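Heads up, the thing below is written out as structure tokens.
From a predicted model like this one, the values you see are computed outputs, not experimental measurements. In what follows, chains are A, B, ... by sequence order, proteins preceding strands, each numbered from 1.
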Protein chains: 2
Amino acid sequence: MSQSVNDLRVTRSQRFIREALIDLIEERGFDALSVGEITARAMVSRATFYRHYRDKYDLVEQIYAEAMQALFGAIAVQETVHSPQIWVTFFDHVAEYDRLYGALLGEKGSPWFVRKMRTSLINLIKEFGRAAPQWQSDSAHPISLYPAEDDLIPDVIATMFVEAITWWLEHGKPFPPQEMARRGVALVGAIFKETSTW
Amino acid sequence: MSQSVNDLRVTRSQRFIREALIDLIEERGFDALSVGEITARAMVSRATFYRHYRDKYDLVEQIYAEAMQALFGAIAVQETVHSPQIWVTFFDHVAEYDRLYGALLGEKGSPWFVRKMRTSLINLIKEFGRAAPQWQSDSAHPISLYPAEDDLIPDVIATMFVEAITWWLEHGKPFPPQEMARRGVALVGAIFKETSTW
DNA sequence: AACATATGAGACATACTGTTTCATATCAAT
DNA sequence: ATTGATATGAAACAGTATGTCTCATATGTT
């Protein structure tokens, strides 16, 4: 793509475009946006947009990819990747990028992005579930849950989390990340306990 | 709209259009469809489509409205609207319209419709939750849950149900509606019990 | 200062939308 | 079977968005 990695023009254009994107999502909703509208707000040529992004979805994906990279970086710092602490880190991350996630997950957001984020979470959930076998302690089928049920539970839990995040951001983060993590973990625990007897 | 309620031409056109819609969703996905594509498959003029529907979303809404009418009719037959039996009826309904829901909720489906269906469910969940106070029996705040939390729980549960339905249909309905209802009710019970202490 | 390249302006072909017109075919009712 | 009503098909239409392309210019980097 770009030979010189740090060209002020490039970073400036991309920054304007990203800011315009979030502003416009909050104002008019992601689905309603056209590329022309975004570039007009960003005071940038449409051709410039297409030089950097395939379409508006690609734009979101690039932003999201960077956010995910930041999240994984934060998680890597944690010694106990398989501990509930991971969810505190997660909600901290969400809080840090609250404007991005709020815009994309909220009322004016994109159902497409919701799906995307849920998919990202499912793997994390699986990892988390496998690392907490005590939740399935009183089960007659402690291991067979996932293969037999073909991932209904992680799917459902991931969906729940995305929904909880959306609710949290739309209500102005009523309580701190720690509390959200605590509730999320408790809920997941209850679900695992309940479904482990199936 | 139509003066003579039963005009063969109308019912035939609408039927072709609806069949084409579901076929095409399964093949190419709802979002990718254009009106022209639908009418071409239905062997009907585009003008005819616009005579009956505002756009492809309106088409889905009309189909969905009829399905909901059928569901409400089935529920009305139940004496105990506030019993878990309602969910058996619900999953029976989903099974009856499996092709419709499968297409619209599944991988090729429409996130917009998922949202729509969840909204429909939230009211049902609230009704269901209010009618089963025993789930909040050991709570210190048995009533204040909804107003205080501003509907996080019903929202999350509705989302879970939609996700469960999607999973169920995409996996070829591995077990009968009764079993899905049983598991759904159990899960909701566990969640209510867990969250009632918050 | 010299070079590289990102940008802006605009043209372009393509596609889809939603509306409209009008002649024709098809239906319902008698 | 004939009549009257109307749903339909074909086509044109303006409007909008997309994604690509060209080229002169401005702006960065070295």
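Residue-to-nucleotide proximity on DNA chain C shows that, of Arg54(B) and Val44(A), the 5′-proximal contact is made by Val44(A).
Spacing between atom OH of Tyr53(B) and atom P of dA7(D) amounts to 13 Å, rounded to whole angstrom units. Whole-Å rounding puts the Leu33(A) CG to dT16(D) P distance at 17 Å. Nucleotide dA15(C) holds its C1' atom 14 Å from the NZ atom of Lys56(B), rounded to whole Å. Atoms CG (Asp58(B)) and P (dG18(C)) sit 10 Å apart, rounded to a whole Å. As rounded to whole Å, 13 Å separates atom P of dT16(D) from atom CZ of Arg28(A). When the P atom of dG9(D) is taken as reference, atom CZ of Phe49(B) falls 13 Å away, rounded to whole Å. Rounded to an integer number of Å, the gap from Tyr50(B) OH to dA14(D) P is 18 Å. For Asp7(B) and dT6(D), the CG to P distance is 10 Å, given to the nearest whole Å.
Residue Arg46(B) has its side chain nearest to dG18(C) when only dG18(C), dA10(D), dT18(D) are considered. The side chain of Val35(B) approaches dT17(C) more closely than any other nucleotide in the set dT17(C), dA7(D), dG10(C). Listed nucleotides: dA10(D), dA5(D), dA6(C). Nearest to the side chain of Arg9(A): dA6(C). Comparing atom distances between the Leu8(A) side chain and each of dT29(D), dA25(C), dG8(C) picks out dT29(D) as nearest. Taking only side-chain atoms of Arg12(B), from C-beta outward, the nucleotide of dT27(D), dC27(C), dT17(C) with the closest atom is dC27(C).
From Gln85(A), atom CD reaches atom CD of Gln178(A) across 8.0 Å, with rounding to the nearest 0.5 Å.
Phosphate proximity of dA9(C) to Ser45(A): absent, as no side-chain N or O sits under 4.0 Å from OP1 or OP2. Side-chain nitrogen and oxygen atoms of Thr48(B) include none within less than 4.0 Å of the OP1 or OP2 phosphate oxygen of dA7(D).
Figure legend: cation-pi geometry between Arg183(A) and Phe175(A), with NZ or CZ positioned under 6.0 Å from the six-membered ring centre and within 45° of its axis. Remark: Lys56(A) is positioned above the aromatic ring of Phe30(A), its terminal NZ or CZ atom under 6.0 angstrom from the ring centre and at most 45 degrees off the axis.
Leu21(A) and Val35(A) fall within the same hydrophobic cluster, defined by Ile, Leu, Val, Met, Phe, Trp and Tyr side-chain heavy atoms under 4.5 Å apart, directly or through other members. Tracing side-chain contacts under 4.5 Å through hydrophobic residues (I, L, V, M, F, W, Y), one never reaches Val88(B) starting from Ile165(B); they form parts of separate clusters.
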